[in-house]
Amino acid sequence: QRALSERPELKHFVFLEFFNQGTFIETSLNQIKSSALYGGVIAILCLWFFLRSLRLTLMITTAIPLCLLTTIALLYLRGQSLNILSMMGIILSVGMVIDNAIVVLESIQRRRDGGMDEVEAARTGAGRARREPCAGGERESARETERDRKRARDRARDRERDRERD
């Protein structure tokens, strides 16, 4: 409408608005934002309820803003826009990041319970998640867990021998 008033050769035309897609887009973006916020809060509460550890919950939830900032920065650097489709993809990827963080934490905790020290458990637990990003190798992971248990028993036995020598 502003373009019609600024250009004198268009003064004989009448502007009629049939459909304003901008209101639809604004409504959709607001719904996506609120859904993401509610989903994030529910995910954090569920993590806290099931993990029963504020420390572990905070470790996983720090992955959420890190994932969002990295994705938006990459979109900006590539010159792409942030639209409804990309926002829905970002929300989906946040869920995948949370899922992978839980898998890694569970793997690390299982190794620590098996007798590994913290650094080695973190290294091998994160390495397993890197090799099996879709968590599809149940048989391999069972073999790997058995190997880890055997290594932990061997280390505990070696430590016991060292104590007896001293």
Side-chain angles (χ1 to χ4, degrees), residues 21-160:
Q21 199 171 8
T23 57
F24 169 72
I25 291 172
E26 285 179 8
T27 304
S28 296
L29 288 174
N30 287 333
Q31 286 177 345
I32 289 174
K33 283 185 222 173
S34 65
S35 295
L37 182 65
Y38 291 138
V41 169
I42 290 171
I44 290 169
L45 291 175
C46 287
L47 283 171
W48 191 22
F49 177 75
F50 286 110
L51 293 175
R52 299 191 189 279
S53 168
L54 184 62
R55 182 175 157 224
L56 294 177
T57 302
L58 291 176
M59 286 167 63
I60 292 175
T61 55
T62 56
I64 296 171
L66 184 63
C67 172
L68 289 174
L69 289 174
T70 304
T71 305
I72 291 171
L74 287 174
L75 281 174
Y76 174 76
L77 292 173
R78 294 185 70 194
Q80 295 179 345
S81 65
L82 186 64
N83 53 30
I84 294 172
L85 190 60
S86 61
M87 284 185 71
M88 288 171 44
I90 290 171
I91 291 170
L92 182 65
S93 69
V94 166
M96 291 174 64
V97 165
I98 290 173
D99 185 46
N100 288 335
I102 291 170
V103 168
V104 169
L105 267 177
E106 182 183 46
S107 178
I108 293 170
Q109 189 62 41
R110 190 172 55 240
R111 282 164 173 70
R112 287 187 63 200
D113 291 343
M116 278 191 189
D117 65 349
E118 292 177 2
V119 175
E120 188 176 351
R123 187 177 299 126
T124 58
R128 177 186 162 261
R130 187 178 63 233
R131 286 189 307 273
E132 299 175 21
C134 297
E138 286 85 13
R139 269 186 271 138
E140 179 62 31
S141 107
R143 275 189 238 129
E144 195 171 289
T145 301
E146 187 56 39
R147 270 184 287 177
D148 290 340
R149 286 185 186 143
K150 185 178 181 301
R151 288 179 190 152
R153 285 192 302 264
D154 291 345
R155 277 193 303 278
R157 189 181 65 232
D158 292 343
R159 278 189 232 125
E160 189 64 33

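Side chains are part of it too, since the values below use all heavy atoms of this structure and drop only hydrogens, waters and symmetry mates.
- Ser28 places a side-chain N or O within donor-acceptor distance of the main-chain N or O of Phe24, the cut-off being under 3.5 Å.
- For the pair Arg52 and Phe49, the cation-pi criterion (under 6.0 Å, within 45° of the ring axis) is fulfilled.
- Of the N and O atoms on the side chains of Asp113 and Gln109, at least one donor lies less than 3.5 Å from an acceptor on the other residue.
- With hydrogens and angles ignored, the 3.5 Å screen pairs no side-chain donor or acceptor of Asp99 with any backbone N or O of Gly95.
- Between the OG1 atom of Thr57 and the CZ atom of Phe50 there is a distance of 11.5 Å, given to the nearest 0.5 Å.
- Of the options Ile72, Val94, Thr62, a side chain to side chain contact (heavy atoms under 4.5 Å, CB included) to Cys67 is made by Val94 and by none of the others.
- Leu37 has its side chain out of reach of Lys33: every pair of non-hydrogen atoms, C-beta onward, lies at least 4.5 Å apart.
- For the atom pair CE of Met87 and OG1 of Thr71, the computed distance is 12.0 Å after rounding to the nearest 0.5 Å.
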Is there a side chain to side chain contact (heavy atoms under 4.5 Å, CB included) between Leu75 and Ile90 once you walk through the steps? CA-CA 11 Å; Leu75 281 174; Ile90 290 171; 4.0 Å; yes
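- One distance of note links CE of Met116 with CZ of Arg123; it measures 10.5 Å at 0.5 Å rounding.
- For Gln21, the CD atom counts as loosely surrounded, since its 6.0 Å shell holds 12 or fewer non-hydrogen atoms of other residues, nucleotides or ligands.
- Here CD1 of Ile44 is found 5.0 Å from OG1 of Thr61. Values are rounded to the nearest 0.5 Å.
- Interatomic distance, Ile98 CD1 to Ile60 CD1, rounded to the nearest 0.5 Å: 8.0 Å.
- Of the charged side-chain nitrogens involved, at least one lies within less than 4.0 Å of a carboxylate oxygen, so that Asp154 and Arg157 count as a salt-bridged pair.
- Atom CG of Leu85 sits in a sparse spot, with 12 or fewer heavy atoms from other residues, nucleotides or ligands closer than 6.0 Å.
- Using a 4.5 Å heavy-atom cutoff, the side chains of Ile102 and Leu47 are in contact.
- Here Arg151 does not pair with Glu120 in a salt bridge; the nearest charged N to carboxylate O distance is not below 4.0 Å.
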